[in-house]
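Read through the structure below, which is laid out as structure tokens, and then see the notes.
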Amino acid sequence: MLLNEILSQWADAEFKRIFKDSGCAIPPVSIIATSNPEFGDYQCNDAMALAKILKQSPRQIAETFTRSVALHFSLERVAIAGPGFINMYIKTEWLSEYLCSMTSDVRLGVPQIGEGHTVVIDYSSPNVAKPMHIGHIRSTIIGNSIDRMYRFLGYNVVSDNHIGDWGTQFGILIMGYRNFLDAKALSETPVEELERLYVKSYGRTKEDENWMAQCRQELVKLQSGDQENLALWKEFVTLSLKEFQRIYDRLGVSFNQVRGESFYNEKLRGIVDLLEQKGLAKESEGATVVFLDEEKLPVCIVRKSDGAFNYATSDLATVVSRVTEFNPDKIVYVTDERQQLHFRQFFTIARKLGITTRLDHVWFGLMRLPEGTFSTREGNVIKLECLLDEAEQRALAIVQKASPDMQLDQQKAVARSVGIGAVKYTDLSQNPQTTVTFTWEKALSLEGNSGPYLQYAYARIASVRDKYSEKHSDINPDVYLLKLTETIERKLALMLIRFPDVVLRAAETYKPSSLADYLYDLAQTYSTFYQNVPFLKAEEGVRESRIRLCGMVARVLRTGLDLLGIETPERI
RNA sequence: GCGCUCGUAGCUCAAUUGGAUAGAGCGUCAGCCUCCGAAGCUGAAGGUUGUGGGUUCAAUCCCCGCCGGGCGCACCA
């Protein structure tokens, strides 16, 4: 069990025991880590809240508590401060033992709360025939981190890449393909060419009514199973998937399944029928819609006046299919903020259809440029591949300077980890629900609060531990006692034991940023330790203890970074 | 107009979801490599948390008004 939970249970029982004669019902109390070491290691703030219930001053309650309390065996002492804060001081020897038992676990004390539970995570979901640009990176990276965290917590995760492979754009694209195809470009840069064809054909629909009609006709042909159009569509999908896969490989992202919208195509009609049967959907202005007046939401169209189905229908069919096939505890959708309303409508209708599965929409702010939003027209879209190339190049230059003796292919491998890590960290280290202003400097930052800073901290530990085993190949540091003598060592230990709690919270709140924050804090504390406390040169015993502590930091860093999808090379 | 959301140091972001003296990075200034990896460390300067009210022991956080940015609001996804 996590230390804050242990202490909370203990404090809760103690409060109930001590104040049992008051005749009042004592609400559960909780213990949290202090924000400032001045206030001890953990604190309880509930005396203030209890003041009203017990009709005593908070100070008085805190005093009664500390006077009558049976100290938990992990605690050295408790003290009162301010209006009624109860500060708790952990026994250092106990802390040391607790940390050792936590790190003897391969899972670093992170509980498998997800065992026997399934969660579907829907993320990335790019559109066929459009290259991925930096706007797509957030769903992919944030979604993948959530995916990793849930897996680590023992959940059976179904990660599903819900590709946009069906819809009106294909009529336009087919017309573009038939009329403007550059075969050479298609073989060299397939997706770029498809995009060009789409844009050109789309432009034509604006000025040419007839063109638009033809596009619609091609779409109808496709949807009714025309062999030729179906073959074209398949080619578009195949080409796009191949290119997406190249990016996923670079990012270290993989899915359990890639089911595009087309997978649910045959179920769309049934969904609308069902909605009509249940009296939820009705005709309006030629379309079939669901009114959501009671929920104070705008109407939701489930079949357009031309008879075609749309996004809402597709999502409903998808959720029904997922619920029946996987019976998950919850389904998580990771998309940008523009889809909030859509998801509120869609979740509401799903509930009306009798779906009780928890549905969560994790949304994140758009990526912008300092000069404004992205615009295909203005040509300021930054392709994801260019970003990754640039990241690796910059990283390579630095690796070559820092480690000139390293073999070239190793330098390149390191540069890949560091460059990609920098890009990912930039995205993950910030609260998802804010607009991100993209700058090359920040995305590729290699110092300060950055991915490479964490990787650097890790690599230094690896290096120190190697040096240690070279010099002392006959000694196993793990049999030595872990002694937390320096203040900074104790601080590190307190920080390390918070890891399981941090992972749980990050997963529950869908905020990889809180994990990133913690890891940065840890790396910073470690750097202070590293810079100010000697270990290879310390006397025997102290030396081994510190080497052990280094190893524990390294494992937490590596495990935590892995949950963010960031690699940790031993040398950088 | 309605809805969602954000506003914190010069800049980019945190703040354990209502707790104590609001913390980091970049930038600026002053120090630290004969010493375990300087992508680092130590210190300094920098704040009326957009603004005005309210709720209470306690508000960056919750409620109301206003100002400013972003996004969305029937046949795109």
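Note that this is a predicted model, so its numbers are computed, not measured. A note on names: the letters A, B, ... follow the listed sequences, proteins ahead of strands, and every chain is numbered from 1. Excluded from the calculations below are hydrogen atoms, water molecules and symmetry mates; all remaining heavy atoms, backbone and side chain alike, are included.
Of all non-hydrogen atoms in E283(A) and T288(A), the two that sit nearest each other are OE2-OG1, 3.2 Å.
Salt bridge absent: R543(A) and E539(A) never bring a charged side-chain N and a carboxylate O closer than 4.0 Å. Classification of K471(A) and D466(A) as a salt-bridged pair fails, no side-chain N sitting under 4.0 Å from a carboxylate O. A salt bridge links R546(A) with E489(A): at least one charged nitrogen is closer than 4.0 Å to a carboxylate oxygen. A salt bridge links R303(A) to E276(A): at least one charged side-chain nitrogen sits closer than 4.0 Å to a carboxylate oxygen. Using a 4.0 Å cut-off between charged nitrogen and carboxylate oxygen, R416(A) and E567(A) count as a salt-bridge pair.
Atom OH of Y425(A) is separated from atom P of A39(B) by 18 Å (rounded to the nearest Å). One atom, CG of D306(A), and another, P of A74(B), lie 17 Å apart when rounded to the nearest Å. One atom, CD of Q430(A), and another, C1' of C11(B), lie 13 Å apart when rounded to the nearest Å. The distance between atom OH of Y468(A) and atom P of G37(B), rounded to the nearest whole Å, is 16 Å. In this structure, D336(A) places its CG atom 9 Å from C1' of C71(B), rounding to the nearest Å. Regarding D293(A), its CG atom lies at a distance of 18 Å from the P atom of C73(B), rounded to whole Å. Atom-to-atom, CG of L54(A) to C1' of C57(B) comes out at 15 Å; the value is rounded to the nearest Å. What separates CG of N532(A) from P of C32(B) is a distance of 15 Å, to the nearest Å.
For C2(B), the OP1/OP2 oxygens have no side-chain nitrogen or oxygen of K296(A) closer than 4.0 Å. Dashed line: the shortest gap from a side-chain N or O of Y453(A) to OP1 or OP2 of A38(B) is not under 4.0 Å. The side chain of S463(A) places an N or O atom within less than 4.0 Å of a non-bridging phosphate oxygen (OP1 or OP2) of G37(B). Contact check, Y456(A) against A39(B): a side-chain N or O comes under 4.0 Å of OP1 or OP2. Between S513(A) and the phosphate of A14(B), there is no side-chain N or O to OP1/OP2 separation shorter than 4.0 Å.
Of the P atoms belonging to C6(B) and A22(B), the separation is 23 Å, rounded to the nearest Å. Distance noted for atom P between G54(B) and A59(B): 12 Å (whole Å).
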*Dot-bracket summary - RNA chain B, pairs being Watson-Crick or G-U whose distances fall under 3.5 Å, with | when paired to another strand*: (((((((..((((.....[...)))).(((((.......))))).....(((((..]....))))))))))))....
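Put simply, the residue from Q345(A), R338(A), Q339(A) that forms a side chain to side chain contact (heavy atoms under 4.5 Å, CB included) with L341(A) is Q345(A).
With hydrogens and angles left out, the side chain of S284(A) and the base of A74(B) share a donor-acceptor pair within 3.5 Å.
Base orientation of U17(B): syn, the glycosidic angle falling within 90° of 0. Nucleotide C33(B) carries a syn base; the chi torsion (O4'-C1'-N9-C4 or O4'-C1'-N1-C2) is within 90° of 0.
Across all strands shown, V414(A) has no heavy atoms under 4.0 Å from either base or sugar-phosphate atoms. Q455(A) comes within contact range of no nucleotide atom at all, as no heavy-atom separation falls under 4.0 Å. Within 4.0 Å (heavy atoms only), S305(A) reaches at least one base atom of the nucleic acid. Residue V464(A) is in sugar-phosphate contact alone, with no base atom involved, counting any heavy-atom pair closer than 4.0 Å across all strands shown. Counting any heavy atom pair closer than 4.0 Å across all strands shown, L297(A) reaches no nucleic acid atom. A51(A) comes within 4.0 angstrom of no nucleic acid atom, judged by non-hydrogen atoms across all strands. Among the protein residues, L446(A) comes within range of the nucleic acid bases, having at least one heavy atom under 4.0 Å from a base atom. Using a 4.0 Å heavy-atom cutoff across all strands shown, P534(A) reaches at least one base atom of the nucleic acid.
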*Give the B/S/- string for nucleotides 3-8 of chain B, one per nucleotide from 5' to 3', where a protein heavy atom under 4.0 Å of the base yields B, of only the sugar-phosphate yields S, and otherwise -.*
SSS---
*Scan nucleotides 16-28 of chain B nucleotide by nucleotide, 5' to 3', and note B when protein non-hydrogen atoms come under 4.0 Å of the base, S if they reach only the sugar-phosphate, - if neither.*
BB-BBB--SS---
Atom pairs and distances, side-chain donor-acceptor, residues 50-64 of chain A, under 3.5 Å, sequence neighbours left out:
unit_1: S57(A); atom_1: OG; unit_2: Q60(A); atom_2: N; d: 3.1
unit_1: R59(A); atom_1: NH1; unit_2: G82(A); atom_2: O; d: 2.7
unit_1: T64(A); atom_1: OG1; unit_2: Q60(A); atom_2: O; d: 2.8

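Considering only residues two or more places apart in sequence or on other chains, A554(A) meets the side chain to side chain contact (heavy atoms under 4.5 Å, CB included) condition with Y458(A), I461(A). Shown here are the ring pair (Phe, Tyr, Trp, His ring centres under 6.0 Å) partners of F39(A), two or more places apart in sequence or in another chain: there are none.
Residue ring and base: F535(A) counts as stacked with C36(B) (centre distance below 5.5 Å, interplanar angle below 30°).
Side-chain rings of H162(A) and Y264(A) approach one another, their centers coming within less than 6.0 Å. Aromatic pair F529(A)/F535(A): ring centres closer than 6.0 Å. A centroid separation of 6.0 Å or more is found between the aromatic rings of Y198(A) and F170(A).
The side chain of R338(A) has C71(B) as its nearest neighbour among A39(B), C71(B), G40(B).
Put simply, the side chain of T313(A) gets close to the backbone of N310(A): a donor and an acceptor are under 3.5 Å apart.
Each of V533(A) and I301(A) has a nearest nucleotide on RNA chain B; the 5'-most of these lies closest to V533(A).
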